[in-house]
Amino acid sequence: MRLTRYFLPVLKETPAEAQIVSHRLMLRAGMIKQSSAGIYSWLPLGYKVLKNIETIVHEEQQRAGHIPLLMPTLQSADLWRESGRYDDYGEEMLRIQDRHGRDMLYGPTNEELVTDIFRSHVSSYKDLPLTLYHIQWKFRDERRPRFGVMRGREFYMKDGYNFDLTKEDALHAYNRHLVSYLRTYERMGLQAIPMRADGGPIGGDYTHEFLVLAETGESEVFYDSAVTDLSFGDREIDYDDVAQCQGVLEEFTTKYARTDETHDEALFNEIPEERRRVARGIEVGQIFYFGTKYSDALGATVQGPDGKPVSVHMGSHGIGVSRLLGAIIEASHDENGIIWPEGVTPFHAGIVNLKQGDAEADAACEDLYAKMSAMGLEPLYDDRNERAGGKFATMDLIGLPWRITVGPRGLKNGVVELTSRKTGESEELAPDAALNKIAAIYGKQ
RNA sequence: CGGGGCGUGGCGCAGUCUGGUAGCGCACCUGUUUUGGGUACAGGGGGUCGUAGGUUCGAAUCCUGCCGCCCCGACCA
């Protein structure tokens, strides 16, 4: 993309309403525009990152054998009356009426809808196990939306639901989700620690929240520092292997890691003192096993081998896709702007032309741009007639991991400059060598 | 929902106390200049002062209602 043809409304000054760094940077980098309290338009750059994150979530869900579908945002109140949650959910649920006066609602979650789909079409134990998920906009009418996309009223979320014949099968689904979530967050350059959590209104004995450590996190967390040494890495996983999934769960959840909801001071104090950590975290996902709560309420049963109806065991699992943008920025930025992890960056690299209009510099940039595109990489070429300082400031703000700086001075010696956004380190390389290095980083060679 | 604060060109703000018909910086447009980390100068366009009502010869400014937004707390992906 050429910057002169793009829409990137960056701001030099920070809008007054933004208090935390991710919100400020998202506004300054032209990623979002607030529409009303807790509701945002996603401008091109923000939309691009949102879609990148969504893609990773889709890929990892499907790798784990989960099946995508799409349910509506607007739901009939009838199903919610049937489950008993129409009255229970309270003020956070946005209730509306259609022209016929029928009660509708903007879905805050989808247990009712997905269970309805299930009971309409699944009637035999042979159809199990089944895990359905979707990524869809949700609305929860927060009393006090804040922190930009981290606590919006409208938010984009992956929610999935597993249906199993037995508790054992459902617990394997639980483990499978925990494993797939570890992979998902790592691909985004995040360390998200599974922590024992509280069931809340969804209920359930088994539940973990995934937290990204950040000073601005809303939850207080207590953990053994050994958990931050754990990394999923690129190990092979067979998601059908019950023992392997169970093993990963044990590896990642045995050490003490809890939020303030479930914190146990006595257990915490058993950790060697030098490994005790009290910090803050951003919740970016949660998994539940809740048994037959919804299947009982909504009559989701299958016929077992003996011909008798059995309520299915269910769990639900969520990843806050829109919230993740804020969480990633909270975890990865500096005083000059965002530092995107390579897994989610909106463009693979920036090309800065230090002297727009100089025939040699223009030609070198065009050549880099064409070659990079041919390699399947997406560069952002700053071809504005701006001064170097302005171009560098923009690149730093929007946080592309790599920048190629092209100017007449370097070209005289046959080199361009390749700079890492994260370390700030630069090296001078022949243009093709710089390209090869970027291609290798993104596995395009 | 309790407490606090703020609404003035796209953004950041001054002006409000003490009423006299709107200003600064950034951004934008034109020209000159400059060009390896946000050049300098000159000219220019753009504002129902959140909104409705009231007081007054006269309201951004004083009074009242309403709306919107932000922060702290309690609650939540």
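Reminder, nothing fancy here: chain letters follow the sequence lines and each chain counts from 1.
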Participant: Looking at the rings of A:Phe155 and A:Trp137, which for Trp means the six-membered one, are their centres under 6.0 Å apart?
Facilitator: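 Not close enough - the centres of the two rings lie 6.0 Å or further apart.
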Participant: Under the ring-ring contact (aromatic ring centres under 6.0 Å, His included) test, which residues partner A:Phe222, sequence neighbours left out?
Facilitator: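 Partners of A:Phe222 under the ring-ring contact (aromatic ring centres under 6.0 Å, His included) test: A:His263, A:Phe268.
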Participant: Going by the rule side chain to side chain contact (heavy atoms under 4.5 Å, CB included), which residues pair with A:Pro72 if we only count those two or more places apart in sequence or in a different chain?
Facilitator: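 Partners of A:Pro72 by the side chain to side chain contact (heavy atoms under 4.5 Å, CB included) criterion, ordered by chain and then number, come out as A:Leu113.
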Participant: A:Asp396 side chain: which of B:rC11, B:rC75, B:rG37 is closest?
Facilitator: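 Minimum distance to the A:Asp396 side chain belongs to B:rG37.
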Participant: Taking A:Arg196's backbone N and O only, do any of them form a donor-acceptor pair with A:Thr262's side chain (distance below 3.5 Å, no angle check)?
Facilitator: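 Flag set: sc A:Thr262 to bb A:Arg196 pair under 3.5 Å.
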Participant: Find the partner of B:rG2: check Watson-Crick (N1-N3 plus N6-O4 or O6-N4) and G-U wobble (N1-O2, O6-N3) distances, both under 3.5 Å, and reply none if neither fits.
Facilitator: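 B:rC72 - that is the nucleotide pairing with B:rG2, both distances being under 3.5 Å.
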Participant: Can you give one letter per nucleotide of nucleotides 43-52 of chain B, going 5' to 3': B for a protein heavy atom under 4.0 Å from the base, S for sugar-phosphate only, - for none?
Facilitator: ----------
Participant: Grab the N/O contacts between the protein and nucleotides 70-72 of chain B below 3.5 Å, and write none if there aren't any.
Facilitator:
residue, atom, partner, partner atom, Å
B:rC70, OP1, A:Gln34, NE2, 3.2
B:rC70, O3', A:Glu17, O, 3.3
B:rC72, OP2, A:Arg144, NH1, 3.2
B:rC72, OP2, A:Arg144, NH2, 2.8
B:rC72, N4, A:Arg144, NE, 3.2

Participant: I'd like the C1' distance from B:rA14 over to B:rG73, given in whole Å.
Facilitator: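 Result for the C1' pair: 32 Å, nearest Å.
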Participant: Can you list the residues that meet the side chain to side chain donor-acceptor pair (under 3.5 Å) rule with A:Ser322, with sequence neighbours excluded?
Facilitator: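 Once residues adjacent in sequence are excluded, A:Ser322 has no partner under the side chain to side chain donor-acceptor pair (under 3.5 Å) criterion.
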Participant: Any donor-acceptor pair under 3.5 Å linking the side chain of A:Ser332 with the backbone of A:Ile339?
Facilitator: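 Checking the backbone N and O of A:Ile339 against the side chain of A:Ser332, a donor-acceptor pair under 3.5 Å is found.
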Participant: Looking at A:Tyr86, does the NZ or CZ of A:Arg81 lie under 6.0 angstrom from its six-membered ring centre and within 45 degrees of the ring axis?
Facilitator: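 Yes; both conditions hold, so A:Arg81 lies above the ring face of A:Tyr86.
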Participant: Scan for ring-ring contact (aromatic ring centres under 6.0 Å, His included) pairs involving residues 395-422 of chain A, sequence neighbours excluded, and state none if there are none.
Facilitator: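 Of all non-adjacent pairs touching residues 395-422 of chain A, none passes ring-ring contact (aromatic ring centres under 6.0 Å, His included).
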Participant: What N/O pairs connect the protein and nucleotides 25-28 of chain B at under 3.5 Å? Give each pair on its own line.
Facilitator:
residue, atom, partner, partner atom, Å
B:rG25, N2, A:Glu13, OE1, 2.7
B:rA27, OP1, A:Lys12, NZ, 3.4

Participant: NA contact type, A:Met150, heavy-atom cut-off 4.0 Å: base, sugar-phosphate, or nothing?
Facilitator: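 Base, at least one base heavy atom under 4.0 Å.
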Participant: Under 4.0 Å between a Lys/Arg side-chain N and an Asp/Glu carboxylate O for A:Lys422 and A:Asp334?
Facilitator: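 Between A:Asp334 and A:Lys422 there is no salt bridge, as every charged N stays at least 4.0 Å from the carboxylate O atoms.
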Participant: If you find the nucleotide of RNA chain B closest to A:Arg143 and the one closest to A:Ala393, which residue's nucleotide is nearer the 5' end?
Facilitator: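 It is A:Ala393, whose closest nucleotide lies nearer the 5' terminus.
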Participant: Base, sugar-phosphate, or nothing for A:Gly357, non-hydrogen atoms under 4.0 angstrom?
Facilitator: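 It contacts nothing in the nucleic acid.
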Participant: Watson-Crick or G-U wobble partner for B:rC66, using a 3.5 Å limit on both distances?
Facilitator: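 Answer to the pairing question: B:rG50, which forms a Watson-Crick or G-U pair with B:rC66.
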Participant: Base, sugar-phosphate, or nothing: which does A:Ala388 touch, judged by heavy atoms less than 4.0 Å apart?
Facilitator: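 Sugar-phosphate, no base atom in range.
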Participant: Given the P atoms of B:rA74 and B:rU21, what is the spacing between them in whole Å?
Facilitator: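 Going atom to atom, P in each nucleotide, I get 49 Å.
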Participant: Measuring only the P atom in each nucleotide, how far is B:rC26 from B:rC69? A whole number of Å is fine.
Facilitator: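 After rounding to an integer number of Å, I get 31 Å for this pair.
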Participant: Does B:rU39 have its OP1 or OP2 closer than 4.0 Å to a side-chain nitrogen or oxygen of A:Arg387?
Facilitator: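 Checking A:Arg387 against B:rU39: at least one side-chain N or O falls below 4.0 Å of OP1 or OP2.
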Participant: At a heavy-atom distance below 4.0 Å, what parts of residues 329-338 of chain A sit against RNA chain B?
Facilitator: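 Here the set is empty: none.
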Participant: Ignoring hydrogens and angles, tell me if any N or O in the side chain of A:Asn162 forms a donor-acceptor pair with the backbone of A:Met314 under 3.5 Å.
Facilitator: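 Checked: no pair found.
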Participant: Name the pairing partner of B:rG58, where a pair is Watson-Crick or G-U wobble with both distances under 3.5 Å, or state none.
Facilitator: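 Paired with no nucleotide.
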Participant: Measuring only the C1' atom in each nucleotide, how far is B:rG43 from B:rU61? A whole number of Å is fine.
Facilitator: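 My reading of the C1' atoms in B:rG43 and B:rU61 gives 33 Å.
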Participant: So A:Gly389, base contact, sugar-phosphate only, or nothing? Heavy-atom distance under 4.0 Å.
Facilitator: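 Sugar-phosphate only.
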Participant: Using salt bridge (Lys or Arg N to Asp or Glu O under 4.0 Å) as the criterion, list what pairs up with A:Arg153, not counting sequence neighbours.
Facilitator: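 In terms of salt bridge (Lys or Arg N to Asp or Glu O under 4.0 Å), with neighbours along the sequence ignored, A:Arg153 is linked to A:Asp141.
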Participant: Measure the shortest side-chain to side-chain distance between A:Ile32 and A:Val149 over non-hydrogen atoms and say whether it is less than 4.5 angstrom.
Facilitator: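 With C-beta onward as the side chain, the pair touches.
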Participant: Using atom P in both nucleotides, what's the gap between B:rC29 and B:rU39 to the nearest angstrom?
Facilitator: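 To the nearest whole Å, 16 Å.
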Participant: Under 3.5 Å for both donor-acceptor distances, Watson-Crick or wobble: does B:rA77 have a partner, and if so which one?
Facilitator: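 Here B:rA77 is not engaged in any pair, so there is no nucleotide opposite it.
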Participant: Would you kindly give the CG-to-P distance between A:Leu25 and B:rC11, to the nearest whole Å?
Facilitator: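 Rounded to whole Å, this separation is 18 Å.
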Participant: Report yes or no: does A:Glu186 contribute a side-chain atom to a donor-acceptor pair with the main-chain N or O of A:Phe232 at less than 3.5 Å?
Facilitator: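 Yes.
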Participant: What is the distance, rounded to the nearest whole Å, between atom NZ of A:Lys412 and atom P of B:rG36?
Facilitator: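 One finds 13 Å between P of B:rG36 and NZ of A:Lys412, rounded.
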Participant: Taking the six-membered ring for Trp and the single ring otherwise, decide whether the centroids of A:Tyr174 and A:Tyr289 are under 6.0 Å apart.
Facilitator: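 So the answer is no for these two rings.
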Participant: I'd like the P distance from B:rA52 over to B:rC57, given in whole Å.
Facilitator: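 The answer is 23 Å between these two P atoms.
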Participant: Once you measure the plane-to-plane angle for A:Phe290 and A:Phe288, does it fall in the parallel (<30°), tilted (30-60°) or perpendicular (>60°) bin?
Facilitator: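 The arrangement is tilted - the two ring planes meet at 30° to 60°.
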Participant: Do A:Arg276 side-chain atoms and A:Ser225 backbone N/O form a donor-acceptor pair below 3.5 Å?
Facilitator: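 Here the side-chain-to-backbone pair does not exist.
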Participant: With centres under 5.5 Å and planes under 30° as the test, does A:Phe155 stack with B:rA77?
Facilitator: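 Base of B:rA77: stacked against A:Phe155.
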Participant: Separation of A:Phe139 atom CZ from B:rA77 atom P, in whole Å?
Facilitator: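 The distance from CZ of A:Phe139 to P of B:rA77 comes to 16 Å, rounded to the nearest Å.
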Participant: Roughly how many Å apart are B:rA60 and B:rC6, using the C1' atom of each and rounding to a whole number?
Facilitator: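 Taking atom C1' in both B:rC6 and B:rA60, they lie 15 Å apart.
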Participant: For the pair A:His66 and A:His317, name the ring-plane relationship: parallel under 30°, tilted 30 to 60°, perpendicular over 60°.
Facilitator: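 Parallel.
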Participant: Using a 4.0 Å cut-off on heavy atoms, which residues in residues 403-410 of chain A reach RNA chain B? List them by number, or say none.
Facilitator: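 The stretch gives A:Arg403, A:Thr405, A:Gly407, A:Pro408, A:Arg409, A:Gly410 as the residues lying under 4.0 Å from the strand, ordered by number.
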Participant: Taking atom C1' of B:rU33 as reference, at what distance in whole Å does atom NZ of A:Lys355 sit?
Facilitator: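 Those two atoms, NZ and C1', are 14 Å apart.
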Participant: Within 45° of the axis and under 6.0 Å from the centre of the six-membered ring of A:Tyr223, does NZ or CZ of A:Arg258 qualify?
Facilitator: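 No - A:Arg258 does not lie over the ring of A:Tyr223 by the 6.0 Å and 45° rule.
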Participant: Could you check A:Glu142 against A:Glu428 and say which one's nearest nucleotide on RNA chain B is further toward the 5' end?
Facilitator: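 Closer to the 5' end of RNA chain B: A:Glu428.
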Participant: What is the base-pairing partner of B:rG25, counting Watson-Crick and G-U wobble geometry with both distances under 3.5 Å?
Facilitator: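 Result: B:rC11.
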Participant: Tell me the partner of B:rA40, counting only Watson-Crick (N1-N3 plus N6-O4 or O6-N4) or G-U wobble (N1-O2 and O6-N3) with both under 3.5 Å; none if nothing fits.
Facilitator: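 Across all strands, the one nucleotide that pairs with B:rA40 is B:rU32.
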Participant: Less than 4.0 Å between a side-chain N and a carboxylate O, is that true for A:Arg280 and A:Glu218?
Facilitator: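 Salt bridge between A:Glu218 and A:Arg280, a charged N being under 4.0 Å from a carboxylate O: no.
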Participant: For the ring pair A:Tyr161 and A:Tyr133, is the centre-to-centre distance below 6.0 Å?
Facilitator: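 That pair fails the under 6.0 Å test.
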Participant: Mind running a 4.0 Å heavy-atom check of residues 51-71 of chain A against RNA chain B and sending the residues that fall below it, in number order?
Facilitator: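 Correct list: empty, so none.
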Participant: Determine the Euclidean distance between corresponding P atoms of B:rA22 and B:rG38; express it in Å to zero decimal places.
Facilitator: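 It comes out at 38 Å once rounded to the nearest Å.
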Participant: Side chains of residues 344-353 of chain A: which donor-acceptor partners sit under 3.5 Å, not counting sequence neighbours?
Facilitator:
residue, atom, partner, partner atom, Å
A:Thr345, OG1, A:Phe347, O, 2.7
A:His348, ND1, A:Glu378, N, 2.8
A:Asn353, OD1, A:Lys355, N, 3.1
A:Asn353, ND2, A:Gln356, OE1, 3.4
A:Asn353, ND2, A:Asp362, OD1, 2.8
A:Asn353, ND2, A:Tyr381, OH, 3.2

